[in-house]
Amino acid sequence: MLNLTNPSEHHAVTKRCLERRHNVYSEKPLATNMEDAKELHTLALSRKLFLTSAPCSHLSESAQTLRWAVDQRLVGNPLLVYAELDDDFITQAPYGKWRSESGAPWPYRDEFEVGCTVEHAGYYLTWLMMIFGPVKTVVAASAELVIPKLANLPRSAPDFSTAALFFRSGVVARLTCSIVAPHNHCLRLVGDGGVLEIDECWNNAAPVRLRKRHVIRRRLYNSPFARTLRAPGAGHPRVGRRGSASMNFALGPAALLKAMSRGAPNKPYADFALHLNEVTLAIQNAGDSAGAQGIDTEFSYPDSRP
C-alpha cells in the first residue's frame with residue numbers, strides 16, 4: 001500500500017493498513033512523533049510486514065554514484081560532510097499559484113505546519129545514512145523566524161534548522177534546512193584525499209564531481225578542474241523536470257516491490273525508516289536549547305538498488 005495522505009494522517013492510515021496485513025510505503029514522515037513511529041515499527045515486525053517511507057532519492061543515480069565513490073576511496077578516508085537544503089524565502093513566493101501536474105494546489109498550510117525539516121531533511125539524510133550508517137548523536141538547533149506565515153496561523157513549525165550529525169562510523173556531517181535562506185541544495189563530502197561535490201539532490205542525475213588537492217610550491221589548492229563521476233550500473237528510468245525537482249518518485253516503491261519479490265528480510269526497511277524518523281524529529285524539535293541528543297534506533301542498510 002502507498003500512504004500518500006497528509007502528514008498528520010500518516011500514522012493512523014499506516015496503522016490501519018498494517019493491521020489488515022498490507023505492506024506499506026509511506027510518504028514522509030513515518031509519523032510526526034516517535035511514540036507513533038515506534039508503534040508502527042513494532043506492528044510491522046510482529047506481522048512480518050514491510051514498512052518504509054519516503055524520500056527515495058538515495059536510490060538515485062547521483063546518490064549511488066556518491067556511495068560508489070566513497071566505497072572506492074576516491075577521496076581516501078571520508079571525514080566531514082556539509083549538506084544544505086535551503087529553499088529561499090518561501091513566504092514571499094507566489095505559492096498560492098503553484099499547481100501540481102494534476103492541477104492540485106500546493107498544500108502550503110500543511111507545509112508550514114509540518115515544517116521544512118520534516119519535509120526536506122530526509123533528502124540528504126537518507127544519502128548519509130545509506131553511506132555512513134546510523135547516527136549516534138545529534139547536536140541541533142531550530143527556530144521559527146518568520147511569524148506569522150499565514151494570517152490565521154499564528155505559529156507553525158521551525159523554518160530553520162541546523163544539525164551536526166555524529167555517525168557511529170566516525171564521520172561528522174552538518175545538515176542545514178530552511179525556507180528563509182537563498183536556494184542552496186549543495187553537498188560537499190570531504191576526505192583526506194579530496195572532495196566530492198553535488199549541486200542538487202532534487203535532480204536524480206545531478207553530476208557528482210571529484211576535486212583532488214595539490215601542493216604547488218608552498219600553497220595547498222583544491223583543483224579548479226573537477227572530474228565528473230558515474231558509478232557502474234547506477235542508471236535508472238529518469239523523469240523530466242517537474243516544478244523544482246527532477247526526481248523519479250517511483251524508485252522507492254519499485255525497490256520495495258523488488259525486495260518483496262526476492263524474499264528479502266523486512267526488518268532492515270522498517271529499521272531504516274524508524275531511524276530516519278528519529279533523527280529528523282531530533283533536528284526539528286531541537287529549539288534553541290536542546291543540546292546533544294543521543295539516538296536510540298539503529299539499522300543495517302537494506303541494500304535495494306534501483
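As the structure is a prediction and not an experimental result, all values here were calculated from the model.
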Please evaluate residues Asn285 and Gln293 with respect to the criterion side-chain contact (heavy atoms from CB on, under 4.5 Å), reporting the C-alpha separation (whole Å), side-chain torsions for both, the decisive distance (0.1 Å), and the verdict.
CA-CA 11 Å; Asn285 299 330; Gln293 304 174 69; over 6 Å; no
Using side-chain contact (heavy atoms from CB on, under 4.5 Å), reason through Glu27 and Leu4 one step at a time and then give a plain yes or no.
CA-CA 5 Å; Glu27 252 298 351; Leu4 305 180; 3.9 Å; yes
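Residue-environment remark: CZ (Arg188) stays at or below the threshold of 12 foreign heavy atoms within 6.0 Å. A 6.0 Å sphere centred on CZ of Arg99 holds more than 12 heavy atoms belonging to other residues, nucleotides or ligands. More than 12 heavy atoms of other residues, nucleotides or ligands lie within 6.0 Å of CZ in Phe299, so this atom counts as buried by the packing criterion. Within a 6.0 Å sphere centred on CZ of Arg168, heavy atoms belonging to other residues, nucleotides or ligands number more than 12. Environment of CG in Asp288: sparse, with no more than 12 heavy atoms of neighbouring residues, nucleotides or ligands closer than 6.0 Å. The neighbour count for Tyr108 OH, taken as heavy atoms of other residues, nucleotides or ligands under 6.0 Å away, does not exceed 12.
Atom CZ of Arg211 is separated from atom CG of Asn222 by 8.0 Å, given to the nearest 0.5 angstrom. Atom-to-atom distance recorded for Asn23:CG and Met1:CE is 10.5 Å, nearest 0.5 angstrom. Rounding to the nearest 0.5 angstrom, the gap separating the CD1 atom in Ile90 from the CG atom in Asp159 is 11.0 Å. In this structure, CG on Asn3 lies 4.0 Å from OG1 on Thr14, to the nearest 0.5 angstrom. Interatomic distance, His10 NE2 to Thr5 OG1, rounded to the nearest 0.5 Å: 4.0 Å. For the atom pair Leu251 CG and Glu61 CD, the distance stands at 10.5 Å (nearest 0.5 Å).
For the pair Pro207 and Thr228, the tightest heavy-atom approach, listed with the atom from each and the gap, is CB-CG2, 4.0 Å. What you find for Ala140 and Ala163 is that their closest heavy atoms are CB-CB, 3.8 Å.
Looking only at distances, no side-chain donor or acceptor of Asp110 sits under 3.5 Å from a matching main-chain atom of Pro7. His185 contributes no side-chain N or O that, together with a main-chain N or O of Cys201, makes up a donor-acceptor pair within less than 3.5 Å. Checking side-chain atoms of Arg47 against main-chain N and O of Glu19 turns up a donor-acceptor pair under 3.5 Å.
Side-chain contact between Leu165 and Leu125 is present, with heavy atoms from C-beta onward closer than 4.5 Å. The shortest distance between side-chain heavy atoms of Lys28 and Val118 does not fall below 4.5 Å. Side-chain contact between Thr176 and Asp86 is present, with at least one heavy-atom pair separated by less than 4.5 Å. For the pair Val114 and Thr32, the minimum side-chain heavy-atom distance is 4.5 Å or more. Put simply, the side chain of Tyr269 does not reach to within 4.5 Å of the side chain of Met260, judged on heavy atoms. Between Leu189 and Val171 the shortest side-chain heavy-atom distance does not fall below 4.5 Å. The shortest side-chain heavy-atom distance between Leu276 and Pro55 falls under the 4.5 Å cut-off. For the pair Leu51 and Leu30, the minimum side-chain heavy-atom distance is below 4.5 Å.
Looking only at atom types and distance, the side chain of Glu144 has a donor-acceptor partner in the side chain of Ser156 under 3.5 Å away. Judged purely by distance below 3.5 Å, without hydrogens or angles, the side chains of Ser60 and Ser62 never pair a donor atom with an acceptor atom. Under the 3.5 Å distance criterion, with hydrogens and angles disregarded, a donor-acceptor pair is assigned to the side chains of His120 and Asp87.
No single ILVMFWY cluster, assembled from side-chain heavy atoms under 4.5 Å apart, contains both Leu281 and Met129. Linking ILVMFWY residues whenever their side-chain heavy atoms come closer than 4.5 Å, directly or via other members, leaves Leu256 and Leu49 in distinct clusters. Hydrophobic clustering (side-chain heavy atoms under 4.5 Å, transitive across Ile, Leu, Val, Met, Phe, Trp, Tyr) keeps Trp202 apart from Ile179. No single ILVMFWY cluster, assembled from side-chain heavy atoms under 4.5 Å apart, contains both Phe167 and Val172.
Relative orientation of the Tyr95 and Trp98 rings is perpendicular, given thresholds of 30° and 60° on the angle between their planes. Relative ring orientation between Tyr124 and Trp127 is described as perpendicular, the plane-to-plane angle rising above 60° on a 0-90° scale split at 30° and 60°.
Taking the charged nitrogens against the carboxylate oxygens, Asp36 and Lys15 have no contact shorter than 4.0 Å, which rules out a salt bridge.
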